[in-house]
Amino acid sequence: MNVEEKVSDFYQQVLRRNAGEPEFHQAVSEVLDSLKVVLEKDPHYADQGLIQRLCEPERQLIFRVPWVDDQGVVQVNRGFRVQFNSVLGPYKGGLRFHPSVNLGIIKFLGFEQIFKNSLTGLPIGGGKGGSDFDPKGKSELEIMRFCQSFMTELHRHIGEYRDVPAGDIGVGGREIGYMFGQYRRLANQHESGVLTGKGLTWGGSLVRTEATGYGVVYFASKMLEAHGESFDGAKVIVSGSGNVAIYAIEKAQQLGATVVGFSDSSGYVSTPNGVDVELLKDVKEVRRARVAEYVAAAEGAEFHEGGNIWELAADVALPCATQNELNGEDAKVLAANGVRYVAEGANMPSTPEAVEVFREKGVNFAPGKAANAGGVATSALEMQQNATRDSWSFEYTDERLQKIMENIFTTCASTAATYDHEGDYVIGANIAGFKKVANAMLAQGIV
Ligand code: NDP
């Protein structure tokens, strides 16, 4: 079999074994596609069932999460934790609470996490988890009861050296707090290294809240710099208005950009004069309200209910909401409106068609597994601080984050060039992330 046939055979096996999981298929397909160039040069990476093992999680947990709502009615949700690959370190990856969550989505996220974590250069394996619980509209007590029930099952499967979850969509500092409290109670020990994203007085790290959004901008800055441009004076679109989006907006504006729009699932807000970040934080982090409330208090901002944010003109686009939020048509519109750089803050926000359009139109494109690795990298820094009972300053931690993002950029760029795909950060990220994991798997035998 030639490489093309081999890769197609691997992919067919994945489709057969994981029916009805389109997001997982999409994530695997993208990585396998990049690996063709590796297998041409280094065919031994297809030996020892390496690729089949890589595509099969080490362990998949699905569990019932019963809880009682404020009306006294029993609710039942489904919990997931996919422990995908621990060859480089304990499983590490966030928990997502969103009604769309299913096994295929958690597997796509866990699979991506393996390569992302490898790219950080830190000793962490890949995993992901969550639930189809919808935090929207729930009371504080309902959120707490749900988190406690979720952790009552999850606690037996995680630990400082085993699996260290963090936040993701729908899981922020509040939810991590409730889950940590329940873990501590059940385990009868204050094992701070078991979760990251904790509060600052009980083992959390400075910069963790900002890390993913800041990291995307640090990565994108290097990409712009490589083409003689910078954020200073640039117009930027940021989709979403959650944790990643808010801090991407903050950092881009600190570097002199104007963020011309942001969104949530109800529509987008155009902000031709830039975003008032403190107001946005108040609306989203304190009041937990919809973006329409931002518009009511901000001058010059306009709400476009149900509108498509990718219709705005800009130089840089940072999709920071969710998977497949930017399709081929959107990509064409972005390119036509002058966007020259796209860096993914969310996981897999661009569809394969969109990525193809970016390639065709010469739009520089940074995939999430490289560009949004700052969150998990800072989680690993939180683990380091927990292990040494230390807490670092904001400046020092931010400097470490910035260095890590710059290293990831350099690794992606140089790997792409080595494999004759200069400027293709998708190929660079996939190959560099893969080789480190693959070499460790080969060294550790067939397990
Ligand atoms: P949050 O829950 O804080 O925010 C998510 C944001 O995206 C909200 O504004 C939400 O709007 C919006 N959103 C979600 N679904 C949709 C949709 N279908 N259409 C339009 N908007 C939508 O999550 P995060 O900011 O933490 O995560 C955002 C992305 O970044 C995810 O892909 C996540 O996996 C990824 N990521 C997060 C990391 C982190 O450290 N938090 C690390 C690396 C990646 P609404 O409120 O209306 O639902």
Side-chain angles (χ1 to χ4, degrees), residues 23 27 92-101 105-106 108-113 115-117 119-120 126 128-130 133-137 165-176 196-197 205 207-216 219 238-250 261-269 280-281 283-285 287-294 303-310 318-327 330 343-350 367-382 401 405:
E23 292 85 0
K92 183 91 198 81
L95 297 170
R96 175 177 293 190
F97 292 170
H98 193 271
S100 64
V101 163
I105 287 185
I106 298 299
F108 119 63
L109 291 163
F111 184 73
E112 290 280 288
Q113 198 81 46
F115 307 103
K116 181 189 308 194
N117 293 4
L119 282 171
T120 66
K128 198 82 187 191
F133 173 73
D134 186 359
K136 274 205 198 87
D168 190 78
I169 291 179
V171 177
R174 171 180 64 171
E175 292 74 18
I176 292 290
T196 56
S205 173
V207 190
R208 177 61 190 90
T209 304
E210 295 84 354
T212 309
Y214 278 20
V216 176
F219 188 102
V238 179
S239 66
S241 49
N243 173 262
V244 179
I246 290 173
Y247 292 94
I249 294 171
E250 179 167 278
F262 61 87
S263 62
D264 67 10
S265 54
S266 65
Y268 79 89
V269 177
L280 182 62
K281 285 184 189 172
V283 170
K284 299 305 290 188
E285 295 181 340
R287 289 190 253 161
R288 296 180 186 277
R290 313 301 298 154
V291 289
E293 276 200 32
Y294 172 92
F303 181 49
H304 305 258
E305 194 170 355
N308 184 352
I309 190 169
W310 308 124
L318 305 176
C320 295
T322 193
Q323 66 272 2
N324 293 329
E325 55 165 314
L326 195 170
N327 63 29
D330 299 327
E344 295 185 329
N347 285 309
M348 211 169 71
S350 314
K369 64 169 72 69
N372 73 29
V376 75
T378 309
S379 275
L381 300 182
E382 182 172 331
L401 166 65
M405 296 315 295

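All figures in this text were calculated on a predicted structure; none of them were measured in a lab. Whatever order the structure lists ligands and atoms in, that order sets their numbers, starting from 1.
Residue G345 approaches ligand 1 through these ligand atoms, each under 4.0 Å from one of its heavy atoms: 30 (O), 35 (C), 36 (N), 44 (C).
Between atom 24 (P) of ligand 1 and the options D264, T322, V244, the minimum heavy-atom separation is to V244. One option in T209, T196, T212 has a heavy atom closer to atom 42 (C) of ligand 1 than any other, and that option is T212. Of the candidates S266, G197, S265, S265 brings a heavy atom nearest to atom 19 (N) of ligand 1.
Here's the thing with S241: one of its N/O atoms is less than 3.5 angstrom from an N/O atom of ligand 1. Residue R290 has at least one nitrogen or oxygen atom sitting less than 3.5 Å from a nitrogen or oxygen atom of ligand 1, judged on distance alone. Checking only distances, N372 never comes within under 3.5 Å of ligand 1, N or O to N or O. Note: an N/O pair closer than 3.5 Å links G170 and ligand 1 by distance alone. Backbone and side-chain nitrogen or oxygen atoms of K284 are examined, and none is located within less than 3.5 angstrom of a nitrogen or oxygen of ligand 1. Not one N or O of L109 is nearer than 3.5 Å to an N or O of ligand 1, by distance alone. In terms of polar-atom proximity, defined here as any N/O pair under 3.5 Å, Q323 makes no such contact with ligand 1. On a distance-only criterion, N243 and ligand 1 share at least one N/O pair closer than 3.5 Å.
N347 contributes no side-chain N or O that, together with a main-chain N or O of E112, makes up a donor-acceptor pair within less than 3.5 Å.
With values rounded to the nearest 0.5 angstrom, L119 atom CG is found 9.0 Å from M405 atom CE.
A side-chain contact (heavy atoms from CB on, under 4.5 Å) with I249 holds for exactly one of L280, V244, L318; it is L280.
Heavy atoms of K136 approach ligand 1 to within less than 4.0 angstrom.
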